[in-house]
Amino acid sequence: MPMKPSIMTRVCWRCYSWPGRTFHHTLPQILKRVAASGYEYVDLCEFPLEFWPIDLSTEDIEFLKKTLDSFGIQVSSITMPTFAAGLELLPSKKDRTFVVKRLKKAIETVSVLGGETVMYGICPRAVYGSSQKEAYRWTLNLFTECAPLAEEKDVSLAIEFVNTCFPMFLR
């Protein structure tokens, strides 16, 4: 299958400027900009406080699908919010269970929207008294638990290993 040129919604707002990561446009305005740029596919990128699939109702998802259709663009993927180092690393099973819930909701949402991928950035590392080996195990368990739903929905899980733990250049 040939790759489809896609653009992240994150490109269309100043997500790293002070006073913090916030939209300067609504999601429909961003989608309109994506469509006007000539892209046919969009990666719905994170911002948990203003747009995130875990908070979307079925009606919200259907409205989003209609909005996408009205602009003639399709969803290629959803990129999960990644909190460095990430909740999947915390020793508390409750925190890791929350990540599983978010991943499963993203899988279901991207499937309804016709997308193919959920991407999640992680950085397994020693944190809060847990070893890096434990963090790897928890991360593996996280994706293993979500894999059956992804397979059922024909959605790929893409894992991005964030580069704060794996330097590109060796000293």
Side-chain angles (χ1 to χ4, degrees), residues 1-17 20-88 98-124 139-140 142-164 166 168:
M1 169 185 272
M3 292 187 67
K4 303 168 190 166
S6 181
I7 188 169
M8 286 182 137
T9 53
R10 183 188 296 170
V11 171
C12 298
W13 81 83
R14 299 182 321 218
C15 60
Y16 296 115
S17 63
R21 299 170 49 175
T22 186
F23 282 152
H24 298 277
H25 309 283
T26 66
L27 185 58
Q29 288 172 324
I30 289 170
L31 295 175
K32 185 176 181 179
R33 289 176 71 185
V34 167
S37 71
Y39 284 92
E40 296 175 16
Y41 295 89
V42 65
D43 171 19
L44 298 175
C45 200
E46 89 246 15
F47 191 69
L49 300 179
E50 296 184 43
F51 163 74
W52 180 238
I54 202 159
D55 298 328
L56 295 178
S57 67
T58 302
E59 294 78 20
D60 292 335
I61 295 168
E62 288 302 320
F63 176 78
L64 179 54
K65 182 148 181 54
K66 287 177 185 173
T67 302
L68 289 158
D69 290 345
S70 75
F71 292 129
I73 53 179
Q74 296 177 323
V75 170
S76 60
S77 60
I78 290 178
T79 298
M80 294 281 297
T82 53
F83 304 99
L87 291 173
E88 73 280 354
F98 178 70
V99 175
V100 168
K101 180 180 175 184
R102 288 189 336 191
L103 260 173
K104 287 182 175 181
K105 179 66 176 197
I107 291 166
E108 291 170 358
T109 301
V110 81
S111 175
V112 170
L113 295 175
E116 300 173 351
T117 305
V118 171
M119 200 286 289
Y120 190 67
I122 57 171
C123 184
T139 301
L140 177 61
L142 169 77
F143 291 102
T144 300
E145 189 169 338
C146 295
L149 178 63
E151 189 172 323
E152 173 190 321
K153 301 288 185 182
D154 200 24
V155 170
S156 297
L157 292 175
I159 305 167
E160 173 192 15
F161 287 95
V162 180
N163 202 21
T164 60
F166 307 103
M168 294 286 289

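Heavy-atom basis, side chains included; hydrogens, waters and symmetry copies ignored. Just so you know, these numbers come straight off a predicted model, no measurement behind them.
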Item to complete: Check whether any side-chain N or O of Asp69 sits under 3.5 Å from a backbone N or O of Lys66 as a donor-acceptor pair, and report yes or no.
Response: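 Here the side-chain-to-backbone pair does not exist.
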Rounded distance [0.5 Å steps], [atom1] in [X] versus [atom2] in [Y]:
| X | Y | atom1 | atom2 | result |
| --- | --- | --- | --- | --- |
| Leu56 | Glu108 | CG | CD | 12.0 Å |
| Met119 | Ile159 | CE | CD1 | 10.5 Å |
| Lys105 | Ile61 | NZ | CD1 | 4.5 Å |
| Glu116 | Ser76 | CD | OG | 8.0 Å |
| Ser111 | Ile78 | OG | CD1 | 10.0 Å |

Worksheet item: Step by step, would you call Thr109 with Val118 a side-chain contact (heavy atoms from CB on, under 4.5 Å)?
Response: CA-CA 10 Å; Thr109 301; Val118 171; over 6 Å; no
Fill in: 4.5 Å side-chain heavy-atom contact, Leu64 and Leu31
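Leu64 vs Leu31: side chains touch.
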Worksheet item: Side-chain contact, heavy-atom cut-off 4.5 Å: Val110 with Thr117?
Response: no
Worksheet entry | Residue pair Ser6 / Asp43, side-chain donor-acceptor N/O under 3.5 Å |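 On atom types as modelled, these side chains do not qualify, holding no pair under 3.5 Å.
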Discussion item. One pair to check against side-chain contact (heavy atoms from CB on, under 4.5 Å): Thr67 and Leu27. What are the steps and the verdict?
Written reply: CA-CA 10 Å; Thr67 302; Leu27 185 58; over 6 Å; no
Worksheet item: Does atom CZ of Phe143 have more than 12 heavy-atom neighbours from other groups under 6.0 Å away?
Response: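 Enclosed.
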Discussion item. Just checking Lys32: does its NZ atom have more than 12 heavy atoms from other residues, nucleotides or ligands closer to it than 6.0 angstrom?
Written reply: no
Worksheet item: Between Leu103 and Cys146, what is the shortest heavy-atom contact and its length?
Response: CB-SG, 3.7 Å
Discussion item. How close do Tyr120 and Leu142 get, counting heavy atoms only, and between which atoms?
Written reply: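 So the minimum-distance heavy-atom pair works out to CE2-CD2, 4.2 Å.
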Practice prompt. Dump the intermediate steps for side-chain contact (heavy atoms from CB on, under 4.5 Å) on Val112 and Glu62, then the final yes or no.
Written response: CA-CA 8 Å; Val112 170; Glu62 288 302 320; 3.8 Å; yes
Discussion item. Enumerate the side-chain hydrogen bond (donor to acceptor under 3.5 Å, both in side chains) contacts for residues 142-155, please, sequence neighbours excluded, ordered by first and then second residue.
Written reply: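 Qualifying pairs: none.
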Worksheet item: Please walk me through it: do Val42 and Ile30 pass side-chain contact (heavy atoms from CB on, under 4.5 Å)?
Response: CA-CA 10 Å; Val42 65; Ile30 289 170; over 6 Å; no
